[in-house]
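Only one structure is covered here, and it is reproduced in the block below.
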Amino acid sequence: MLERSDGQQRLSLVRDISPTGARLLVASSKVSVGDAVRLSLFFGGSSAPDAVTSARLLRVSAADDAGIWKSEIAVSFDTEVALAGFALS
């Protein structure tokens, strides 16, 4: 889940992730390079997020023909996210 600086929350789907950043699809076109966002990351089947972090948008492009996904973004996390122990594929 991505929360914009205006407090609006939008669904997001992680395409690639590392401890320092991620590439995501987002159900919003109201995002711009430099925006500060808050991400709730869910790696398992839990209803509670496995990690919550703030991040800054580095890259934004339109997600062409991607259904509900309006933008593809790249973010840099403000603090590293611990990924050890999660089966990420």
Side-chain angles (χ1 to χ4, degrees):
M1 182 71 65
L2 177 139
E3 183 177 327
R4 300 185 318 225
S5 60
D6 64 4
Q8 293 294 310
Q9 294 185 342
R10 295 293 180 257
L11 288 176
S12 59
L13 175 70
V14 175
R15 298 198 60 181
D16 188 24
I17 192 166
S18 75
T20 59
R23 189 168 54 108
L24 306 98
L25 291 172
V26 182
S28 176
S29 58
K30 295 179 181 179
V31 289
S32 300
V33 171
D35 285 356
V37 296
R38 183 171 179 253
L39 294 169
S40 298
L41 302 169
F42 299 81
F43 303 128
S46 174
S47 61
D50 295 297
V52 177
T53 187
S54 54
R56 180 126 348 239
L57 274 67
L58 302 176
R59 197 171 48 239
V60 176
S61 61
D64 298 325
D65 299 322
I68 68 167
W69 310 115
K70 305 300 181 201
S71 301
E72 183 171 355
I73 64 171
V75 300
S76 174
F77 301 140
D78 291 342
T79 57
E80 285 195 12
V81 173
L83 301 176
F86 294 104
L88 305 174
S89 58

Roughly how far apart are [X] [atom1] and [Y] [atom2], rounded to 0.5 Å?
X: Ser61; Y: Arg23; atom1: OG; atom2: CZ; answer: 9.0 Å
X: Ser32; Y: Leu57; atom1: OG; atom2: CG; answer: 8.0 Å
X: Leu39; Y: Glu3; atom1: CG; atom2: CD; answer: 10.0 Å
X: Thr20; Y: Asp78; atom1: OG1; atom2: CG; answer: 11.5 Å
X: Arg56; Y: Phe77; atom1: CZ; atom2: CZ; answer: 14.0 Å
X: Ser71; Y: Leu25; atom1: OG; atom2: CG; answer: 9.0 Å

Contact summary for [X] and [Y], nearest pair of heavy atoms:
X: Trp69; Y: Leu11; result: CZ3-O, 3.5 Å
X: Leu83; Y: Ser18; result: CD1-C, 3.5 Å
X: Ser40; Y: Pro49; result: CB-CB, 4.0 Å
X: Val31; Y: Arg4; result: CG1-CD, 4.2 Å
X: Ser12; Y: Met1; result: OG-N, 3.5 Å
X: Phe43; Y: Ala51; result: CE1-CB, 4.5 Å

Are [X] and [Y] linked, directly or through other ILVMFWY residues, by side chains that come within less than 4.5 angstrom of each other?
X: Leu24; Y: Val60; result: yes
X: Val37; Y: Val52; result: no
X: Val26; Y: Ile68; result: no

Review point. Below 4.0 angstrom, N of the basic side chain to O of the carboxylate: do Glu72 and Arg15 qualify?
Key: yes
Check your understanding: With a 3.5 Å cut-off and no angle check, do the side chains of Thr53 and Arg38 form a donor-acceptor pair?
Key -> no
Review point. Under 4.5 Å between any side-chain heavy atoms of Leu41 and Ile17, yes or no?
Key: yes
